Each structure stands twice: as C-alpha cells, then as structure tokens.
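Bear in mind that the values here come from a model prediction, so they are computed numbers and not experimental data. Worth knowing before you read on, the calculation uses all heavy atoms, side chains too, and leaves out hydrogens, waters and symmetry mates. In this chain, residues are counted from 1 in sequence order.
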Amino acid sequence: MAQILLHGNLHVTIFEGQALSTGRASAGAPKFIRKFVEGIEDTVGVGKGASKLYATIDLEKARVGRTRMLSNEAVNPRWYESFHIYCAHLAADVIFTVKADNAIGAALIGRAYLPVHELLDGEEIDRWLEVCDNDRQPIGESKIHVKLQYFDITKDRNWARGVRSAKYPGVPYTFFSQRQGCNVRLYQDAHVPDNFIPKIPLADGKNYEPHRCWEDIFDAITNAQHLIYITGWSVNTTITLIRDTNRPKPGGDVTLGELLKRKASEGVRVLMLVWDDRTSVGLLKRDGLMATHDEDTANFFRDTEVNCVLCPRNPDDSGSIVQDLQISTMFTHHQKIVVVDSEMPNQGSEQRRIVSFVGGIDLCDGRYDTQYHSLFRTLDTVHHDDFHQPNFATASITKGGPREPWHDIHSRLEGPIAWDVLYNFEQRWRKQGGKDVLVQIRDLADIIIPPSPVMFPEDRDAWNVQLFRSIDGGAAFGFPDAPEDAARAGLVSGKDQIIDRSIQDAYINAIRRAKNFIYIENQYFLGSSYGWKADDIKPEDIGALHVIPKELSLKIVSKIEAGEPFTVYVVVPMWPEGMPESASVQAILDWQRRTMEMMYTDITQALQAKGIEANPKDYLTFFCLGNREVKQEGEYEPQEQPEPDTDYIRAHEARRFMIYVHTKMMIVDDEYIIIGSANINQRSMDGARDSEIAMGAFQPYHLATRQPARGQIHGFRMALWYEHLGMLDDLFQHPESPECIQRVNKIAEKYWDIYSSDDLEQDLPGHLLSYPIGVTSEGVVTELPGMEFFPDTRARILGAKSDYLPPILTT
C-alpha cells in the first residue's frame, strides 16, 4: 500500500487485548522448540506469570507511543491508556505491536494494523483489530481494542497563524501551564561589555537594553537571604563570575565556591544537584569523559554547610539491569538552573520573592565570554586562569591559543513562572537529594510572597511564560503511577516509567504556529531519523525519532506550496566539542548531514513540483561561528609551542578557531522564544534520556499580528545578529524576505572565505560563517570543492558512520 503523509495530531487510546497467546519468550517458535524452552522457563521461574505485557504504536517503523507493562494479565490485558501523538510521518498503516517482557528479553506476541487512509476523513474509529503474525495472518482469536482520531494540520486553527492573541493559552497537554504577569530577562553570552550593542529601536519609542547574565547571577546569590538552589551538568567552584574591570562589584573577585560557602554560613539554605559523571571515578581520570569536575566540586563542599549532592542519571526502578546500566552511564542531568529568594523592587519592604535562572550556561570553566569571542587577546587577562580548549589533546595556557570561545544564551524569570522552576528543583531534590533539607516555603509565608504576577495586566513589558521539561520518574518525585492520572498531568507513559517530554511538544507547537521565519541556535541538530535515506543504514535502527527537523521542512514545503516567503536560519557549531577526527564526533556529523539532506530533499521536491527555480538555501540555511585574529603588539606570549604537525599548531599559526555554539534557543516571528538546556537531538528531546528544562515565552503586547513584532524578542535577535555579523542592516528587520536571507548568506559566505583562506590580512569582520556544505538540485548534501576537512584538521565536514558506537550514544 502507498504511504500517506500524516501531518497533524493523532489521538489514540489502547483499551485492552483479548485472547492473546502466551506471553512467553518462546512464543512464535516452532512447536518442538517451544515445548523445550517452556520447560526450561518453568524450571527457572521465568515462564507463565512472570511476563509483563505492553503494546506499542508505530507509524510504519517509527515508534510513537507505548503503554506501561502489565503483570498478571497475560491473556486479556486492560491498559486503557490514551496518547496525543504529533505526527509528521509517511505511513501506510498505524501498527499496534503487543510484546511480552521477561527476564530473557521482549518476545513478540503479534501486530495489528489499521490502514492510514481510513483515518484521513477525521472521523473517530473505535474498533477491535485482529492481532496477526509476521505474515499478517490472524493468530487465533487474538484481538486488540483501540480508538483513533486524526486531526490534519490543515484543520488546526493555529497552523501558521502565530500566537495571535494575548489569550493564547500555551502548549496543551503539559505538566506546567502557562503563567501570566511574568518578567523575563534575556542574556546573550555570560557577559556584555558596556556600549557593545548599538541602538536597536523597539516599539513604544524604546531601545533594546542588554542584560548581563553572570553579573545578575552574582547579585542574586549575594543578596539571597533564605535559599539558593542550583542544578548543573557541571558546577566549578574555582571560577569567578565578575571579570569586567570596567564594571567591578564589591566582593566580585570571590570564587563561586567561596561565595556559596559564605552564604551557607550566613544561614542561607544552599542546595546543589550536580550530575554525577559515572566515568569520573575509579580507574578513569578524575575529570571523567565529560570533564565536569564533579568529584572536585563534591570534595570542595564536603563538611561545609553547603548541601552538594552528586546525582547520577538514575533510571526508574523498573527497568532491566542492562537498561539501568545504560541510562546511568550514558545519559546526563543537563538542567542548568539557579533559584533564589530576592528583594522586592519597592525599597524598604521586608518581603521577598522567588527569582529563577534557566538556560544553556553552566556555572563552570570555559563559559565566561563576551560578544568579541577572542581567541588570543584575553589570554593574559580574563581567560588566563580559565583557558578552555578541549578540541586539542595537549592544549594548555602555557602553549597559547587559540582558546575555544563560547557562545550561549540564558534567561531570568520572575513571577509565577519562577515558582515552577522552584517546584522542578523540589521534585528533583526529593527524588535524589537524600536529606530532607528543602526550605519549607509555607513556614515563610509572611516573608516570601506566594506565586503572583509581578507585572500589571496593562503593562506593555509583561510576559506570558511556560515551563517545559525532558525528565522521567527516575529524576523527579511525585509523578503519578496511573496512566490516566499521568495523562491528565501532561505526562506520557513509557514502557516502565512516566515521562515529561514537553520540550519537544513546545518546539513542535511553535514551529506549527510560525508565519514568517524561524531562527534557531543549537549545539546539535539531528533527528527525524525515520525520514533519512536508507542508503547505508537502516533508519529504524537509529532511534532519533523526535520530529523537529521534519516539522521544519514540512513548514517550509507548505509555504512553497502556498507561494509565501518563509525562511529557517540554523546556527550550529562547526563540530560537537571534542577531537574532531574522533569516531563519536564524526558519527554525530554524519547524523547531522543525514538530517540536513532529508530536509533539503523535501524542499527541492516541493520547488520542482511548483516549477520554481531557486536555491534551497534561500529557504533553509545552516551557519556556524568562527573567529580569526591578526597578531597584536603586547599580546600574551606563551612559554612553549604546540607540538609540530598537530591541529593545535595549525590553528595556532593560522590564528583561527570555531566559536563553540552551546545555545539551545529558537525564535519564531520575533514574537515567541524558547530558551533552555535541551539540544535538538534525541538525548535531549526523548524525556527518558538526558534531563532538561526550558522556557517558552512571548509578550502579549508585542505580537506579529498586523505588523512585525518589535518587543524584547526582536531586540534580542537583532543584538545576536549584530554580534554574529558585526553589522546591522535594515533588511534584518524582515528575516523572511528573500532579500534578507540572500544578504545574510552572502555575508556568511564571504566570512567563510576569509576564515578558511591561507592568508590573514585583517581580523574577521564578523563571526557568522556559512556552514561549509553544498546542496544539489536534488537536495543532496555535498562537500564544497576542495573542502573535505575543516580547516587545520583531518576531520571530515560531512562526518563518517561509526560501525561500533551504538546510535543511542551519539543521537
């Protein structure tokens, strides 16, 4: 049967099974083998009764839902679970698979099929489906009772219409609802020097004013009186937050570790949840594979009044031993949050309110940077004791630059939304913090004001904000056990855990609402592997199933078909941090290429169908960031030289390096923004892998309704473009226009030519580089002529498939 595009929402309920055959591991084997195996099973106690039944939902070979496991209901299991599925899939059938899970592994009982064409009219289908064997022959009387209803994207009244109204209720089916009357500060990089940002006009006669992340976090910690809660992938006690000599602060030279110890000794409750990198103990080096310094941090706070807990990424208790090992060694706690009590804006008030910070910046080494992203010129000042260069095996400050510059984005949240971040911390602490030392906020009810708006409804600077997560019951306390309760709380059921995967939902909803353009900065960009070409891989084995890249390409295709302009800009690092030639980095670049190629194939096919001759990069374009500096007099002189014939010496002599894009941000139509810790990969979007947190926000008085939005989000994007391009242009006010994307592409190509050139005559005038790939008229991603490797390396730009690293590690 022909495959049909399902793009929209699919609501599915799996009620129950009937007369399902034995859930034994031997089911489906020839009779004489089955009898033999069943004898062994019964002897060792893994036969009848030990099986747990579960059902999965697939669109062709893409898994889109699974029930919990039921024990002791081997013949007539009753699940009664509902699923809200975002589809962007080609499929001929919706496939329901019933499996039995036992000590040996999962055994297939059978599959039921519902043809996709039956769903297209949008009517509800409530039916018992026959459960079939591998030849699609019914297995006895086995049946499964399901209900489905499909809502096509064209019937969605929010499709391509933006936020539309201040009454927009937020992303549906999520754990946290949207909060009103909030205040938000947006941060580009850890610090912004005085007078860096030019005049950027906003609505209401205002100009954009930048904020300074680490200064605000320093002030928040310094002024806290009751609580300081921190979670991090890494927290380094030796860093200082204040480094700009033009903006000194009293006590600004204190290290983060000493500052937190001092606050704890003053009676402030300081609680820290730092990811326990299981590779950083025992025989492996103390920094671990990820160089998080987690052991150092724990040792620093040992026997102090700071409660610092190293928490592994523990699975739920119900997985297999193999799965538990997999999760605790492969996946991370990735949330980066700070929660404090803060003074009220009106002077003299004794009352306090909760303020939270959420985003991509960890409080650790290598993160402090400004928009100049210098490679060599800060090595005797702010980066002398914070030299970060993990891409060369032997890099050190004594051998000199280039350091790896760091580009990142963060936010500060006030109002009811800040309490949601606090609640997330409390859930995590109750699960993994050990001692019950959380501040009992209700005991401070006369001091800390309860969740309430911090902006008046008529205030034109007010924000509506919603919190999203990727997390499961292994990392958060208090998730309901019953699937119906979980569904009501905006959670989804996994095979053996309850999952919050609302960050992916937030991205999908924002992309679907987009009218004119989308601007993304992210450390990774891979996914929708079910849509990759099956040339030298089996896409169903990859498991990077989140739909974000496919949603983006389908959005562009819909705009091409409608004859409307639409552009997607994506900024990623040149390569994921690490040795660029290593198998893991090359594997990730290979997945990235396959993702790009899937998207460009969709776009070129749509252009051909409309008879349009156009460059696909006018609709979707990828960039990276880099810097190149001529040598200046009085520069830091290293005592040694990098080793000969290494990437290090080549980059040192060419005086260039990538600026590491660690951001996790998306801006839609200058009216809606998502900022958080989640990358665009399966690890971050899955919910049962890395734990993540993000916020989605808009200003009700600055929506792109009749004219373009000109609130804080617009100002923030323009400030980012100024940082990356080294200039502003009136065209940048309209990113959807062909003139704008062509102008940006032209500048980025020019900057790439300067970056990759053998000659160096001047500093790179801006940092935005065209990602060095070609795209054919068929959408195939190719090398540029003479550009197989990144400059100064032997690392392939298009990556290379790894035959021994399992995809679960690199997706």
Side-chain angles (χ1 to χ4, degrees), residues 2-8 59-60 86-92 116-117 120 122 150-162 508 510-520 525 527-528 530-533 535 547-570 593-623 668-669 704 708 731 734-746 748-749 770-771 773-782:
Q3 294 194 342
I4 298 166
L5 176 65
L6 281 180
H7 188 205
L59 296 175
E60 261 351 90
Y86 293 100
C87 341
H89 302 74
L90 279 167
V116 162
H117 67 80
L120 299 180
Y150 171 62
F151 301 88
D152 192 80
I153 200 72
T154 55
K155 310 274 198 312
D156 182 347
R157 65 177 195 273
N158 292 314
W159 170 250
R161 295 186 61 186
I508 294 165
I511 293 164
R512 290 183 174 186
R513 285 195 313 271
K515 291 193 293 190
N516 301 313
F517 78 93
I518 291 173
Y519 175 61
I520 290 171
F525 192 85
S528 308
Y530 58 85
W532 296 354
K533 289 177 186 162
D535 39 19
V547 299
I548 292 166
K550 195 68 176 178
E551 287 284 352
L552 287 165
S553 65
L554 289 175
K555 167 65 70 169
I556 296 167
V557 166
S558 74
K559 290 291 190 174
I560 291 170
E561 290 170 348
E564 298 170 6
F566 192 89
T567 316
V568 176
Y569 301 76
V570 183
R593 172 192 63 83
R594 294 173 195 271
T595 305
M596 292 174 173
E597 195 162 278
M598 173 196 71
M599 298 173 75
Y600 278 125
T601 301
D602 287 349
I603 291 164
T604 52
Q605 286 174 354
L607 290 169
Q608 287 164 7
K610 288 285 282 187
I612 300 170
E613 280 191 31
N615 182 349
K617 287 187 177 182
D618 287 353
Y619 297 85
L620 168 69
T621 188
F622 290 88
F623 306 96
V668 178
D669 297 335
L731 286 173
H734 300 281
E736 72 281 4
S737 70
E739 295 78 18
C740 179
I741 182 65
Q742 287 163 11
R743 175 101 171 99
V744 172
N745 277 339
K746 195 171 177 183
E749 283 161 15
S770 182
Y771 201 84
I773 53 166
V775 182
T776 71
S777 59
E778 302 300 312
V780 176
V781 172
T782 63

**Study point:** Partner of Leu620 by side-chain contact (heavy atoms from CB on, under 4.5 Å), out of Ile741, Ile556, Asp602
**Key:** Ile556

**Study point:** Pro565 backbone acceptor or donor facing Lys559 side chain under 3.5 Å
**Key:** no

Exercise for review: Work out which heavy atom in Met599 is nearest to a heavy atom in Phe525; give both atom names and the distance.
Suggested key: SD-CE2, 3.5 Å

**Study point:** Side chain Arg512, main chain Gly8, donor-acceptor under 3.5 Å
**Key:** yes

Exercise for review: Could you tell me the separation between the CG atom of Leu59 and the CD atom of Gln3, rounded to the nearest 0.5 Å?
Suggested key: 10.5 Å

Review point. Excluding sequence neighbours, so at least two apart, what forms side-chain contact (heavy atoms from CB on, under 4.5 Å) with Pro616?
Key: Tyr600, Ile603, Thr604, Val775

Point to revise | Under the side-chain contact (heavy atoms from CB on, under 4.5 Å) test, residues paired with Gln742 that sit two or more places apart | key: Asp618, Pro738

Review point. Is there a side-chain contact between Val780 and Lys533, using heavy atoms and a 4.5 Å cut-off?
Key: yes

Practice item. Describe, in one word, how the ring planes of Tyr519 and Tyr569 are oriented to each other, choosing from parallel (under 30°), tilted (30 to 60°) and perpendicular (over 60°). Key: perpendicular

Review point. Between Glu597 and Gly779, is there a donor-acceptor pair closer than 3.5 Å when you use the side chain of the first and the backbone of the second?
Key: no

Check your understanding: Roughly how far apart are Ile153 CD1 and Leu554 CG, rounded to 0.5 Å?
Key -> 9.0 Å

Review point. Do the side chains of Cys740 and Phe517 get nearer than 4.5 Å, heavy atoms only?
Key: no

Review point. Any salt bridge between Asp669 and Arg513, counting N to O under 4.0 Å?
Key: no

Exercise for review: Kindly indicate whether the side chain of Met596, heavy atoms from C-beta on, has any atom under 4.5 Å from the side chain of Tyr771.
Suggested key: yes

Exercise for review: Report the distance from atom CE of Met598 to atom CG of Leu552, rounding to the nearest 0.5 Å.
Suggested key: 8.5 Å

Review point. Distance-only, no hydrogens or angles: does the Lys555 side chain make a donor-acceptor pair with backbone N or O of Ala514 under 3.5 Å?
Key: yes

Review point. Atom CD of Gln605 and atom OG of Ser553: how far apart are they, to the nearest 0.5 Å?
Key: 10.0 Å

Review point. Looking only at heavy atoms, what is the nearest atom pair of Pro708 and His734, with distance?
Key: CG-CE1, 3.9 Å

Check your understanding: Mind checking whether Tyr530 and His89 have parallel, tilted or perpendicular rings, split at 30° and 60°?
Key -> parallel

Check your understanding: Looking at CG of Leu90 and CD1 of Ile4, how far apart are the two atoms once the value is rounded to the nearest 0.5 Å?
Key -> 9.5 Å

Exercise for review: Compare all side-chain heavy atoms of Tyr150 with those of Leu120 and state whether any distance is below 4.5 angstrom.
Suggested key: yes

Practice item. Say whether, by atom type as modelled, one donor and one acceptor occur between the side chain of Trp532 and the main chain of Gly527 under 3.5 angstrom. Key: yes

Check your understanding: Between atom CZ of Arg594 and atom CG of Asp535, what is the distance when rounded to the nearest 0.5 Å?
Key -> 5.5 Å

